[in-house]
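These notes concern the structure reproduced below.
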Amino acid sequence: MNVIEKSIVRDMSLAPEGHLKIEWVQAHMPVLNRIREQFEKEQPFKGLKVAISLHLEAKTAYLAKVVKAGGAEVAITGSNPLSTQDDVCAALVEDGITVFAKYNPDPKEYKDLMVKTLETKPDLIIDDGGDLVTILHSERQDLLEGVRGGAEETTTGILRLKAMEKDGSLKFPMVAVNDAFCKYLFDNRYGTGQSVWDGINRTTNLVVAGKTVVVIGYGWCGKGVAMRAKGLGANVIVTEIDAIKAVEAYMDGFAVMPMIEAAKLGDFFVTVTGNKDVIRGEHYEVMKDGAILSNAGHFDVEFNKPELEAQSSGKRTVRRNIEEYQLKDGRKIYVLAEGRLVNLAAGDGHPAEIMDMTFALQAMSLKYVNDQYEAIGSKVVNVPYELDEQVARFKLESLGTGIDSLTEEQKSYLDSWQEH
Ligand SMILES: NC(=O)c1ccc[n+]([C@@H]2O[C@H](COP(=O)([O-])OP(=O)(O)OC[C@H]3O[C@@H](n4cnc5c(N)ncnc54)[C@H](O)[C@@H]3O)[C@@H](O)[C@H]2O)c1
């Protein structure tokens with residue numbers, strides 16, 4: 001079977017639009033372009049199969065093409081039912097990549113598409129949120145054999161992998177791409193910061209200035225979301241469970257308070273914790289009429305939707321990606337993108353220049369794990385510092401920005417404890 005026969009996508013006639021989207025991001029991903037050139041020459045994945053699960057939009061599509069340029073046979077699926085773009089999927093199939101993905105499949109089909117991706121028997125995987133790894137270690141252990149290792153994109157996936165490593169169930173090495181400096185400092189902070197507001201603004205078409213925004217979780221993503229909310233003119237409240245992060249938010253100029261108090265004040269709520277039920281029944285009870293809830297954490301469990309439904313007498317879709325819940329006391333609460341990642345399910349995700357660095361790390365980490373998988377063993381490992389720094393250097397070069405280097409005297413001064 002050829003790639004077109006094997007693939008499962010919504011509509012191949014959408015391919016021209018998809019090609020244009022990929023072309024646009026490629027022009028804004030200079031770091032990944034450098035890596036593509038290297039891969040074309042060195043063919044690090046020659047003869048290997050790679051399975052990818054990532055938010056399947058244009059930037060991801062370009063990463064898949066770069067891995068293919070390195071000699072791999074690539075199969076790809078989405079990592080969220082609402083973030084897959086059907087035109088991009090069609091274009092990728094024309095580019096010789098096997099695609100198992102559609103926008104908004106039902107939960108069973110979504111899972112089946114992931115399993116089909118694994119049934120291509122990959123040597124290497126790229127995962128986002130740990131779904132491919134989880135399937136391989138639970139219901140489809142028959143496909144584990146032959147997997148050399150992989151790379152994980154996000155905070156939530158790494159938490160899951162570390163739990164597997166701890167109880168001895170992880171069966172191959174995984175590189176924690178999220179924990180590289182060139183990932184979380186830029187992707188989680190500036191990428192999420194910008195794209196969350198893009199998603200909320202284009203979905204609601206409402207003003208942010210003067211409103212109260214409650215950011216739940218002041219990790220790398222939360223810092224970006226709060227910073228950009230302030231830039232849009234909002235009054236920002238942060239809620240946390242970590243005392244140090246709470247002090248940091250306070251020093252950054254934000255009001256900090258428990259969620260039960262913030263719940264009464266917010267016009268917009270953005271959850272970014274990687275945790276569940278951070279907004280729940282007791283909070284809905286005190287929210288203002290018209291409050292708007294969105295989530296930017298990996299899974300759609302950050303606010304408790306069953307409890308919101310239980311407090312409601314009805315719900316309806318009032319605009320694309322906006323559901324209105326009518327509470328029994330007459331108030332209305334709005335939920336964006338069904339509580340899934342608002343920047344991806346109701347937007348195009350992070351800007352291309354941000355994903356340029358993240359996906360450069362993904363591509364280099366995949367090569368690293370393939371070169372070193374026997375030496376690493378079944379562990380979760382960090383991206384080597386040299387690779388992280390290489391991405392930063394490529395990025396600076398692409399910006400035409402130089403930096404200084406240490407003189408010999410400075411080196412010996414910094415290395416010595418006797419010199420004053
Ligand atoms: N939307 C995106 O494009 C995108 C991008 C990167 C990461 N993510 C996801 O966003 C989530 C957060 O990622 P991060 O890198 O910021 O993680 P992080 O670990 O840096 O931050 C999470 C923060 O949430 C806080 N927290 C946990 N439970 C809480 C609660 N009940 N109330 C208030 N605060 C609470 C933690 O103390 C921590 O400070 C993860 O699920 C990650 O996978 C999404």
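No hydrogens, no waters, no symmetry mates; every other heavy atom, side chains included, goes into these values. Residues: numbered from 1 along the sequence shown. Atoms within each ligand, like the ligands themselves, are counted from 1 in listed order.
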Closest approach of any protein heavy atom to atom 29 (C) of ligand 1, naming residue and atom: Ile241 CG1, 3.5 Å
Ala296, any N or O under 3.5 Å of ligand 1 N or O: yes
Protein contact to atom 5 (C) of ligand 1 [nearest heavy atom, distance to 0.1 Å]: Thr192 OG1, 3.4 Å
Ring-ring centroid check Phe39 Phe45, cutoff 6.0 Å: yes
Protein contact to atom 31 (N) of ligand 1 [nearest heavy atom, distance to 0.1 Å]: Val278 CG1, 3.2 Å
Residue, atom name and distance, where the atom is the protein heavy atom closest to atom 28 (N) of ligand 1: Asn275 ND2, 3.1 Å
Sub-3.5 Å N/O-N/O distance, Thr154 and ligand 1: yes
Geometric N/O contact Asp187 with ligand 1, under 3.5 angstrom: no
Ligand 1 versus Thr156: contacting region, heavy-atom distance under 4.0 Å: both
Ligand 1 atoms in contact with His298 (distance to a heavy atom under 4.0 Å): 9 (C), 41 (O), 43 (O)
Verdict with supporting geometry, Gln85 and Tyr103, side-chain contact (heavy atoms from CB on, under 4.5 Å): CA-CA 6 Å; Gln85 298 189 8; Tyr103 174 75; over 6 Å; no
Identity and separation of the nearest protein heavy atom to atom 18 (P) of ligand 1: Gly219 CA, 3.9 Å
Proximity winner for atom 33 (C) of ligand 1, if only heavy atoms of Glu240, Arg189, Glu153 are counted: Glu240
Matching residue for Tyr218 among Thr273, Asp252, Thr239 - test: side chain to side chain donor-acceptor pair (under 3.5 Å): Asp252
Side chain, backbone, both or neither: the part of Thr155 lying under 4.0 Å from ligand 1 by heavy atom: both
Proximal ligand 1 atoms for Asp242, defined as those under 4.0 Å from one of its heavy atoms: 37 (O)
Heavy atoms of other groups near Ile244 CD1, more than 12 under 6.0 Å: no
Ligand-side contact atoms (ligand 1) for residue partner Asn343, heavy atom cut-off under 4.0 Å: 1 (N), 2 (C), 3 (O)
Residue part near ligand 1, for Thr273, under 4.0 Å between non-hydrogen atoms: both
Proximity to ligand 1 by part of His350, non-hydrogen separation under 4.0 Å: side chain
Trace of the salt bridge (charged side-chain N to carboxylate O under 4.0 Å, His left out) decision for Arg36 with Glu40: CA-CA 6 Å; Arg36 180 187 181 136; Glu40 273 166 352; 3.1 Å; yes
Residue Lys245 vicinity, atoms of ligand 1 by number, heavy atom under 4.0 Å: 38 (C), 39 (O)
Heavy-atom side-chain proximity of Glu153 to Ile126 below 4.5 angstrom: no
NZ/NE/NH1/NH2 to OD/OE distance under 4.0 Å, Lys315 and Glu324: no
Parallel, tilted or perpendicular: rings of Trp220 and Tyr184 (30°, 60°): tilted
Trp220 heavy atom under 4.0 Å from ligand 1: yes
salt_bridge(Lys65, Asp95) N-O dist < 4.0 Å: yes
Residue selection (non-hydrogen contact nearest atom 32 (N) of ligand 1) among Ile216, Val272, Leu344: Ile216
Subset of ligand 1 atoms that lie under 4.0 Å from at least one heavy atom of Gly274: 11 (C), 40 (C), 41 (O)
Val369 and Asp371, any side-chain heavy atoms less than 4.5 Å apart: no
Protein heavy-atom partner closest to atom 16 (O) of ligand 1 - residue, atom, separation in Å: Cys221 N, 2.9 Å
side-chain contact (heavy atoms from CB on, under 4.5 Å) between Phe303 and Phe269, worked out: CA-CA 10 Å; Phe303 45 87; Phe269 292 83; over 6 Å; no
Nitrogen or oxygen atoms of Gly222 and ligand 1 under 3.5 Å apart: no
Charged N-O contact under 4.0 Å between Asp106 and Lys108: no
Test of ring centre spacing under 6.0 Å for Phe172 and His137: yes
